[in-house]
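Handing you this structure, nothing more for now.
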Number of protein chains: 2
Amino acid sequence: MLKKDGHTEKTIPHHERVYRSLRGELMHGEIEAGMALTIRGIAQKYGASMTPAREAVRRLSAEGAVSVSSTGRVTAPVLSTERIEELASIRALLEPELASRALPRAHMALIERLYTINSTISQAIVKNKPVAYIRANLEFHRTLYLRAQAPAMLAMVETVWLQLSPTMTVLYEKLQRRDASDNHRMVISALKAGDEPGLKLAIRTDVTQSLRMLTNE
Amino acid sequence: MLKKDGHTEKTIPHHERVYRSLRGELMHGEIEAGMALTIRGIAQKYGASMTPAREAVRRLSAEGAVSVSSTGRVTAPVLSTERIEELASIRALLEPELASRALPRAHMALIERLYTINSTISQAIVKNKPVAYIRANLEFHRTLYLRAQAPAMLAMVETVWLQLSPTMTVLYEKLQRRDASDNHRMVISALKAGDEPGLKLAIRTDVTQSLRMLTNE
DNA sequence: CATACCCACATGTGATCACAAATGCCAAAA
DNA sequence: TTTTGGCATTTGTGATCACATGTGGGTATG
């Protein structure tokens, strides 16, 4: 027989589970920049032993999601202003391209979904929920870029988000945030109109403004 | 006392050593696309045990330098044409920016060094040494981009190179290669002249042509 | 000749242990 | 009060082992 049963049951390895969980917490800003992590602590938190926990940390360190000191200590990275600007530059280079590639494939269902997500963003702003805000903001961009059919480029952008997230969380809480939903409305308008230059500009503006939030004042 | 001695002696962990070695072999095309790797084999090759070997593999898998099957088997990735084109697009987006940032800092010593590396490239072509060719080609670009003072962007580009290398090696050996040193001469000329648009174009041309080598014919 | 089955071996996974080094805290001294 | 020294604890590292599963090859069967 070819398969045991029709369930296609896949057992996710522990190191994979730990990796995904930890990555999610970092991406969504539940772990703040500078927070110290320990292998044993991670292992215990997710009910695994040290070995898979170490593997998860290695993957995350390769993505720049955690920084490892010369003595092996693991922390959520604290980014310098220069590094933040550099990562924003990468976003400004890649994300307009992703949006542009998604444009021909952006049908009405996608646009409506983006509109819904944007409402969630607005609500998170008025309710002052930073984690929900970041989460929905990322979902907005990812939903659009998924249509680009460019998995490697999307993965690269997600890596940048991952590096920025812990720092953004810290700063979001102390900074008054601009309403990113304005920029997103420009994105949606350009999508409806099929306006490729306008779309690229709107994305670039959104990325650039979120940068200013972090580096200015 | 603050330091034991003046040597600043640092003991490199095994997983770090294994990682660097394996990454170098992949980057320089000494491991061909599709080649199967085993944790035990890697461990034995570098005189380590399975644990650090696994950590090294995890880091490389996070960089896309190796692909891991659903059953955990590790291979050097075999890239589809679409993936190759996508990775080349990323190069075409990031590398001109890196070159542009390096331009104001490119003094005569750098240009001379690039010229020397380019001679090495030409020699590798006439002597038909694919590995030496790839190595020198990467060194040319990295030498230039290091001046950009943009470590995150450079790391991202290197990750792309790393993903492409095993496939390039296989194809380089069966394809007649164009002389990339022509493009590099354009790069050097633009650097001397301080011609930023020309520099970006030269880099983009170089990247695009190396793409054509892989996808056309 | 092609296909399906089966088994021995290879391989990834995860837990545990011993060890060395770094960290941080507390006490003692200036 | 501030600084220095040392010690107990925490922590990362690497090796090893048991186990389950996947893989590949050989054989039998159609």
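Throughout, protein chains are lettered first and strands after them, A, B, ... in sequence-line order, and every chain is numbered starting at 1.
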NE2 of A/His14 versus P of D/dC19: gap in Å, rounded?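 Going from NE2 in A/His14 over to P in D/dC19 covers 17 Å.
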Quick check against the 3.5 Å criterion: does B/Glu95 have a side-chain atom that pairs as donor or acceptor with the backbone of B/Ile203? no
In whole angstroms, the gap separating P of D/dT13 from CZ of A/Arg73 amounts to 9 Å
List the steps, then state whether salt bridge (Lys or Arg N to Asp or Glu O under 4.0 Å) holds for B/Arg135 with B/Glu139. CA-CA 6 Å; B/Arg135 192 186 201 102; B/Glu139 192 187 354; over 6 Å; no
May I ask you to say what B/Arg17 touches in the nucleic acid, namely base, sugar-phosphate or nothing, with a heavy-atom cut-off under 4.0 Å? nothing
5'-most contact on DNA chain C: A/Ser69 or A/Ala48, nearest heavy atom basis? A/Ala48
Spacing of A/Glu55 atom CD relative to D/dG14 atom C1', expressed in whole Å: 13 Å
Between P on C/dG14 and CZ on B/Arg54, what's the gap in Å once rounded to a whole number? 7 Å
Look at the rings of A/His184 and A/Phe140 and say which category their plane angle falls in: under 30° parallel, 30 to 60° tilted, over 60° perpendicular.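 Judged by the thresholds at 30° and 60°, the geometry between A/His184 and A/Phe140 is parallel.
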DNA chain C contacts made by residues 33-46 of chain B, counting heavy atoms under 4.0 Å: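 By residue number: B/Leu37, B/Thr38, B/Ile39, B/Arg40.
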Would you call B/Arg59 and B/Glu16 a salt bridge, taking side-chain N to carboxylate O under 4.0 Å as the test? yes
To the nearest Å, give me how far apart CD1 (A/Ile12) and C1' (C/dG12) are. 16 Å
Would you say a side-chain N or O of A/His15 is under 4.0 Å from OP1 or OP2 of C/dT13? yes
Could you grab the distance from atom CZ of B/Arg54 to atom CD of A/Glu55, nearest 0.5 Å is fine?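 CD of A/Glu55 is found 4.5 Å from CZ of B/Arg54.
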Presence of B/Thr71 side-chain N/O under 4.0 Å of D/dT23 phosphate oxygens OP1/OP2: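 Yes, B/Thr71 has a side-chain N/O under 4.0 Å of OP1/OP2 on D/dT23.
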Would a distance-only check, ignoring hydrogens and angles, find a side-chain to backbone donor-acceptor pair under 3.5 Å from A/Gln163 to A/Glu63?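 It does hold such a pair.
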May I ask you to verify if any side-chain N or O of B/Ser49 is less than 4.0 angstrom from the OP1 or OP2 atom of D/dA15? yes
Separation of A/Met50 atom CE from C/dA18 atom P, in whole Å?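 Taking atom P of C/dA18 as the reference, CE of A/Met50 is at 14 Å.
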Check: B/Ser165 side chain, B/Trp161 main-chain N or O, donor-acceptor pair, under 3.5 Å: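 Confirmed, B/Ser165 side chain pairs with B/Trp161 backbone.
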